[in-house]
Amino acid sequence: MRKEQSAAGKKPMYDGRSRNLGLSQSEKTVLRLATPESGEIVVNDLIRGEIKFSNKELDDLILLRSDGSPTYHLCNVVDDYEQNVTTVIRGEDHISNTPRQIHIQNALGYPPLEYAHLPLVLGTDKKRLSKRNAATSLEEYKEKGYLDTAILNTLARLGWSQGENEVFYIDDLIKEFKIEEVQKAGAIFDITKLDWLNSQHLSNLTLEDFKNKLSPFLKNLNIDIKDHRNEDKLIDSMRTSDNTLSGISSNLVPYYTGIETYDEKAIKKFIKDKSILVQLRNLLNEINNWDQEVIESTLKDFQVTNDLSVPAVNQPIRISLVGSTKSPGLGLTLSIFDKNEALNRIDKLISYIG
RNA sequence: GUCCCGUUCGUCUAGAGGCCUAGGACACCGGGUUUUCAUCCCGGCAACAGGGGUUCGACUCCCCUACGGGAUGCCA
């Protein structure tokens, strides 16, 4: 039958040949819905407005399979009714299912529902993100150190916006979000936006909350966040070192444990011989008041009186302390460490250079 | 094939006929602060899919085409 229809250039569909035969249900038969053959169904979509479907396009869809089990459409309609659903919000891939389900509702005498068909979230390849993919990647994003609130924010901003605002929390969304304002076209999920929003959400956290969020990520690296005598100062100064909690955690490693490996390029570039390190080590050793500002002025004096460039003085110390040239301000970094620990690390680099 | 949905900067979007020389954000590029990195600040680049109408005037309304997506299942 379908082949004949295709050959005739028609839409392949059940032609209702057994419709009026007065067949009673028996084993191995399916139950179909006698769909009206003329007229149309108008779906009033909250996002897209009126969508019309001609009943001629629909065939008598199956409600019960030949084994007696109900099909998705029937289940869907009954379930919505039993659950007292008033508004159906789902992906736009369900738009063409809607008139079928409305016919079932009508046949069952159920009240009409409101519909809102959301645009789909697409991957970078412009292909839709499948439910499964989305679920696993959501977990992955959390594991990488993206905040729930940032993920929610990012998702909410796909297809929806409000003025010039970018940062939203759940309470804002409850108050401001309107389904009618949602965009019609599918939106590509862009990780760089999540990165940025995560950094915003991260910086809005109090230090205490931030530490609580960060702690598990450090634990994954076998580090106890409390295992540092200047915990608060350290964490606070490293908060912006990355967009994610896992990134920040790994940046924190050299502060908690010793230096695993030095940045050889940096050593080559900034340390000609160990003499300057030795001088600096002795200079720092003379500081009794291990205070950020005292340290800074001491180093500054040294740099000026010896007519050296700032990096020539700072970078060797930085490399000693954290293994690379990346760290917060040097005075701050030194003051984060205990004086002894700082000197130890400098000694270590001196002997490493040999 | 037929029916349905969609189409503004690289990305997310603003825009409901003149306010548009098309605005914002992210990304990117350049500059400043930090004589490191990150943060932060300033500046720059960059778009109405195409073609017809309607109108004094179209990103905005209508039609067609193209492209993308969905439906056409005894899957959900």
Side-chain angles (χ1 to χ4, degrees), chain A residues 2 5-14 28-32 40-41 43 45 47-49 51-59 61-76 90-100 117 119-122 124 126-128 131 154-167 181-197 199-200 202-203 237-243 247-248 251 263 266 269-270 300 303 309-315 317-319 322 324-330 332-333:
Chain A
R2 285 180 189 248
Q5 288 169 333
S6 302
K10 287 185 183 166
K11 185 171 176 171
M13 55 195 266
Y14 175 67
K28 288 197 156 182
T29 63
V30 299
L31 177 66
R32 286 180 185 268
E40 61 180 17
I41 289 284
V43 178
D45 190 280
I47 294 172
R48 288 151 216 275
I51 307 171
K52 294 175 186 171
F53 295 89
S54 168
N55 289 338
K56 283 199 290 273
E57 297 297 328
L58 271 21
D59 63 0
L61 82 163
I62 291 174
L63 300 177
L64 295 179
R65 302 187 182 97
S66 52
D67 66 0
S69 62
T71 59
Y72 165 75
H73 288 298
L74 211 216
C75 294
N76 201 305
R90 58 195 350 180
E92 67 173 330
D93 49 335
H94 283 281
I95 291 178
S96 28
N97 289 330
T98 309
R100 299 167 205 285
H117 286 96
L120 267 17
V121 177
L122 313 174
T124 327
K126 295 194 172 185
K127 292 260 159 48
R128 57 180 293 190
K131 243 184 226 168
T154 306
L155 258 20
R157 275 289 283 104
L158 290 181
W160 177 82
S161 69
Q162 195 220 40
E164 318 261 270
N165 301 130
E166 295 289 342
V167 180
E181 293 173 349
V182 172
Q183 182 99 12
K184 298 182 186 79
I188 294 172
F189 171 76
D190 183 10
I191 184 79
T192 63
K193 195 82 166 196
L194 210 210
D195 276 324
W196 179 74
L197 279 170
S199 73
Q200 299 301 304
L202 243 22
S203 72
S237 62
M238 292 293 286
R239 284 180 74 152
T240 57
S241 70
D242 195 88
N243 289 329
I248 295 167
N251 289 339
D263 179 344
K269 184 171 179 188
F270 292 105
K300 188 70 188 172
Q303 178 241 320
S309 72
V310 176
V313 176
N314 286 8
Q315 298 299 39
I317 301 176
R318 222 188 291 274
I319 296 166
V322 300
S324 74
T325 57
K326 297 174 185 175
S327 87
L330 189 61
L332 177 59
T333 307

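In what follows, every chain begins at residue 1, and chains take the letters A, B, ... in the order their sequences are listed. Just so it is clear, the model here is predicted, and its values are computed rather than measured.
Comment: A:K326 does not engage A:D263 in a salt bridge, judged by the lack of any side-chain N to carboxylate O separation of less than 4.0 angstrom. Salt bridge status for A:E40 with A:K56: absent, with no side-chain N to carboxylate O gap under 4.0 Å. A salt bridge links A:R48 to A:E92: one of the charged nitrogens lies within less than 4.0 Å of a carboxylate oxygen.
The partner of B:rA49 is B:rU65, by the rule that a Watson-Crick or G-U pair needs both atom distances under 3.5 Å. Pairing partner, B:rU36: none, since no Watson-Crick or wobble contact has both distances short of 3.5 Å. Across all strands shown, the partner of B:rA25 is B:rU11, judged by Watson-Crick or G-U wobble contacts whose two distances both fall under 3.5 Å. Across all strands shown, B:rC20 remains unpaired; no Watson-Crick or G-U wobble contact has both distances below 3.5 Å.
Protein atom CH2 of A:W160 is 17 Å distant from nucleotide atom P of B:rC12, rounded to whole Å. In this structure, the NZ atom of A:K184 is 20 Å from the P atom of B:rC48, given to the nearest Å. For A:K126 and B:rU7, the NZ to P distance is 13 Å, given to the nearest whole Å. Whole-Å rounding puts the A:Q183 CD to B:rU11 C1' distance at 13 Å. Rounded to whole Å, the distance from NE2 on A:H94 to P on B:rG69 is 18 Å. If you measure from atom CG of A:D195 to atom P of B:rU39, you get 11 Å, rounded to the nearest angstrom. A:L122 has its CG atom 15 Å from the P atom of B:rG6, to the nearest Å. Atom CG in A:L61 sits roughly 14 Å away from atom C1' in B:rA76 (whole-Å rounding).
Relative to the side chain of A:S161, the nucleotides B:rU13, B:rU35, B:rC26 differ in distance, and B:rU13 lies closest. Taking the side chain of A:R157 as heavy atoms from C-beta on, and the options B:rU35, B:rA76, B:rU13, the nearest nucleotide is B:rU13. Side-chain proximity of A:A185 to the nucleotides B:rC37, B:rU7, B:rC75 is greatest for B:rU7. Side-chain atoms of A:T192 lie closest to B:rA27 of the nucleotides B:rC74, B:rA27, B:rG70. Residue A:S96 has its side chain nearest to B:rG70 when only B:rU11, B:rU13, B:rG70 are considered. Nearest to the side chain of A:D190, among B:rU11, B:rG69, B:rC5, sits B:rU11. When distances are taken from the side chain of A:L158 to each of B:rA27, B:rC12, B:rC5, the shortest belongs to B:rC12. In this structure, of B:rG70, B:rG6, B:rU13, it is B:rG6 that holds the atom nearest to the side chain of A:R48. Closest to the side chain of A:L120, from the set B:rG69, B:rU36, B:rC5, is B:rG69. Considering only side-chain atoms of A:I51, the nucleotide from B:rC5, B:rA14, B:rA76 that sits closest is B:rC5.
Between the side chains of A:S199 and A:R239, not a single donor N or O lies within less than 3.5 Å of an accepting N or O. Counted by atom type alone, A:H73 and A:N76 present zero donor-acceptor pairs between their side chains at under 3.5 Å. In the model, A:T325 has no side-chain atom that pairs as donor or acceptor with a side-chain atom of A:R318 under 3.5 Å.
Residue contacts shown for A:D93 are limited to sugar-phosphate atoms, with no base heavy atom under 4.0 Å away. A:F53 comes within 4.0 angstrom of the backbone, heavy atoms only, and of no base. As judged by a 4.0 angstrom heavy-atom cut-off over every strand, A:E166 is placed among the base-contacting residues. Residue contacts for A:I62: at a heavy-atom cut-off of 4.0 Å it reaches a base atom on one of the strands shown. No contact: A:H117 has no heavy atom under 4.0 Å from any strand. Within the nucleic acid shown, A:P119 has no heavy atom closer than 4.0 Å to any nucleic acid atom. A:N76 comes within 4.0 angstrom of no nucleic acid atom, judged by non-hydrogen atoms across all strands.
Comparing the same atom, C1', in B:rC5 and in B:rC37 gives a spacing of 48 Å after rounding to whole Å. Annotation: B:rG51 and B:rC56 have their C1' atoms spaced 23 Å apart (nearest Å). Straight-line distance between the P atoms of B:rG30 and B:rC67: roughly 39 Å, to the nearest whole Å. Nucleotides B:rG52 and B:rA66 place their C1' atoms 14 Å apart, quoted to the nearest Å. Taking atom C1' on both B:rG18 and B:rG57, the two are 7 Å apart, rounded to the nearest angstrom. B:rU8 and B:rU13 are spaced 9 Å apart, taking the C1' atom of each and rounding to whole Å. With C1' as the reference atom, B:rC4 and B:rC20 are 33 Å apart, rounded to whole Å. Between B:rC42 and B:rC9, the two P atoms lie 26 Å apart (nearest whole Å).
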side-chain contact (heavy atoms from CB on, under 4.5 Å) evaluation trace for A:W196 with A:Q200:
CA-CA 6 Å; A:W196 179 74; A:Q200 299 301 304; 3.3 Å; yes
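Taking 4.0 angstrom as the limit, A:R128 places none of its side-chain polar atoms (N or O) nearer than this to OP1 or OP2 of B:rG6. Residue A:Q162 places no side-chain N or O under 4.0 Å from the OP1 or OP2 atom of B:rU13. Contact between the side-chain N/O atoms of A:S66 and the OP1/OP2 oxygens of B:rC74 is not found at any separation under 4.0 Å.
The 5' end of RNA chain B is approached more closely, in terms of each residue's nearest nucleotide, by A:E92 than by the other of A:E92 and A:D242. Map A:K300 and A:A187 each onto its nearest nucleotide of RNA chain B; the residue landing nearer the 5' end is A:A187.
In terms of polar N and O atoms assigned as donor or acceptor, the side chain of A:K193 never comes within less than 3.5 Å of the base of B:rA27 in a complementary pairing.
Side chains of A:F270 and A:N314 form no contact here, defined as non-hydrogen atoms less than 4.5 Å apart.
With hydrogens and angles ignored, the 3.5 Å screen pairs a side-chain donor or acceptor of A:T333 with a backbone N or O of A:P328.
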